[in-house]
Amino acid sequence: KLANAAEEDMELNRQSKPATSKLKMLEIFVGVAEKRFYHAHLFDKGVLMLLAAWLKPLPDGSLPHAMIRSTIFTILLEKMPIDLDDETRKKQLAWSGLGMVVRYYLEHKEETQENKLLAKRLIEKWSRVIF
């Protein structure tokens, strides 16, 4: 469902319609991400690539809703941190492209200061793995 929401938003944006599918699914994702029981399964099923897709700019260049960005950054920092001592998790992070997407927001002129601070914390935490 989460992957479909990202695809739906891309298609809605191409049709010049409001891309709201991810925003509607955000609460469901947060509910799952807050439960440590699901973390290993989520990582193994490619949640990092999914989050990278959720954060990527839409086809017209617009950014996903600020709430989506700040929620994902906060979840990755506080509720679902990536165990960088685990080689599998390091590889998943590197392959996902998530670090590059987060870095994009760190440097984006339209990103909020709050989100830039969250992105900076993530980049600092992941820097030895993703770069």
Side-chain angles (χ1 to χ4, degrees):
K1 290 181 181 181
L2 297 173
N4 289 342
E7 291 173 20
E8 286 173 17
D9 275 0
M10 294 292 228
E11 186 55 36
L12 288 167
N13 183 264
R14 285 185 194 99
Q15 297 172 11
S16 299
K17 295 180 181 176
T20 58
S21 300
K22 292 184 289 196
L23 200 53
K24 292 175 186 174
M25 294 294 299
L26 189 61
E27 188 175 328
I28 293 169
F29 174 69
V30 170
V32 172
E34 288 180 336
K35 294 178 175 78
R36 284 193 163 290
F37 174 79
Y38 294 119
H39 289 183
H41 182 71
L42 289 171
F43 285 123
D44 292 342
K45 292 295 182 182
V47 73
L48 299 179
M49 291 193 338
L50 174 73
L51 294 177
W54 271 46
L55 289 170
K56 285 184 183 172
L58 296 167
D60 69 356
S62 62
L63 303 179
H65 194 283
M67 185 184 299
I68 292 170
R69 301 187 316 261
S70 62
T71 300
I72 290 174
F73 295 159
T74 302
I75 284 173
L76 289 169
L77 280 167
E78 300 171 4
K79 305 210 185 282
M80 201 169 95
I82 301 165
D83 179 6
L84 297 176
D85 293 328
D86 182 325
E87 286 299 316
T88 301
R89 298 295 179 250
K90 278 186 197 179
K91 288 178 184 177
Q92 289 170 338
L93 177 58
W95 291 334
S96 71
L98 182 58
M100 295 308 224
V101 176
V102 172
R103 185 178 177 140
Y104 171 82
Y105 285 106
L106 178 62
E107 299 170 359
H108 198 284
K109 64 182 182 197
E110 293 178 22
E111 183 57 276
T112 66
Q113 280 304 116
E114 295 82 11
N115 280 351
K116 283 187 178 193
L117 290 173
L118 292 172
K120 182 179 180 182
R121 286 177 54 202
L122 282 169
I123 294 299
E124 288 171 352
K125 189 174 181 179
W126 298 343
S127 64
R128 71 178 195 273
V129 176
I130 59 177
F131 296 114

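All values below were derived from every heavy atom in this structure, side-chain atoms included, with hydrogens, water molecules and symmetry-related copies excluded. Each residue takes its place number in the sequence, starting with 1.
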### Query
Is there a donor-acceptor pair closer than 3.5 Å between any side-chain N or O of D9 and the backbone N or O of K22?
yes
### Query
Are any side-chain N or O atoms of W54 and backbone N or O atoms of P64, one a donor and one an acceptor, separated by less than 3.5 Å?
no
### Query
Can you list the steps and then say if K90 with E87 is a salt bridge (charged side-chain N to carboxylate O under 4.0 Å, His left out)?
CA-CA 5 Å; K90 278 186 197 179; E87 286 299 316; 3.2 Å; yes
### Task
Measure the spacing between CE of M25 and NZ of K1 and express it to the nearest 0.5 Å.
6.0 Å
### Message
Between S62 and L58 (side chain of the first, backbone of the second, donor and acceptor by atom type, cut-off under 3.5 Å), is there such a pair?
### Response
no
### Query
Rounded to the nearest 0.5 Å, what separation is found between the CZ atom of R69 and the OG1 atom of T74?
12.0 Å
### Query
What about L12 and L50, same hydrophobic cluster or not, with Ile/Leu/Val/Met/Phe/Trp/Tyr joined at side-chain heavy-atom distances under 4.5 Å?
no
### Message
If I compare all heavy atoms of I68 with all of L26, which pair ends up nearest, and what's the gap?
### Response
CA-CD2, 4.0 Å
### Query
In the hydrophobic clustering that connects Ile, Leu, Val, Met, Phe, Trp and Tyr at side-chain heavy-atom distances below 4.5 Å, which members other than L117 occupy its cluster, ordered by chain and number?
none
### Query
Is the side chain of K79 donor-acceptor paired with the backbone N or O of A33 at a distance under 3.5 Å, no angle test?
no
### Query
Would a hydrophobic clustering, with Ile, Leu, Val, Met, Phe, Trp and Tyr connected at side-chain separations under 4.5 Å, put M49 with L51?
no
### Task
Enter the distance from L118:CG to L106:CG here, rounded to the nearest 0.5 Å.
11.0 Å
### Query
Roughly how far, to the nearest 0.5 Å, is CD1 of I123 from OH of Y105?
12.5 Å
### Reported CZ-to-CD distance for the pair F73 and E114, which is rounded to 0.5 angstrom
12.0 Å
## Note on the structure
Output for pair (R89 CZ, I82 CD1), nearest 0.5 Å, gives 9.5 Å
### Summary
Residues at least two apart in sequence or cross-chain that pass side-chain contact (heavy atoms from CB on, under 4.5 Å) with E11, listed by chain then number, are R14, Q15
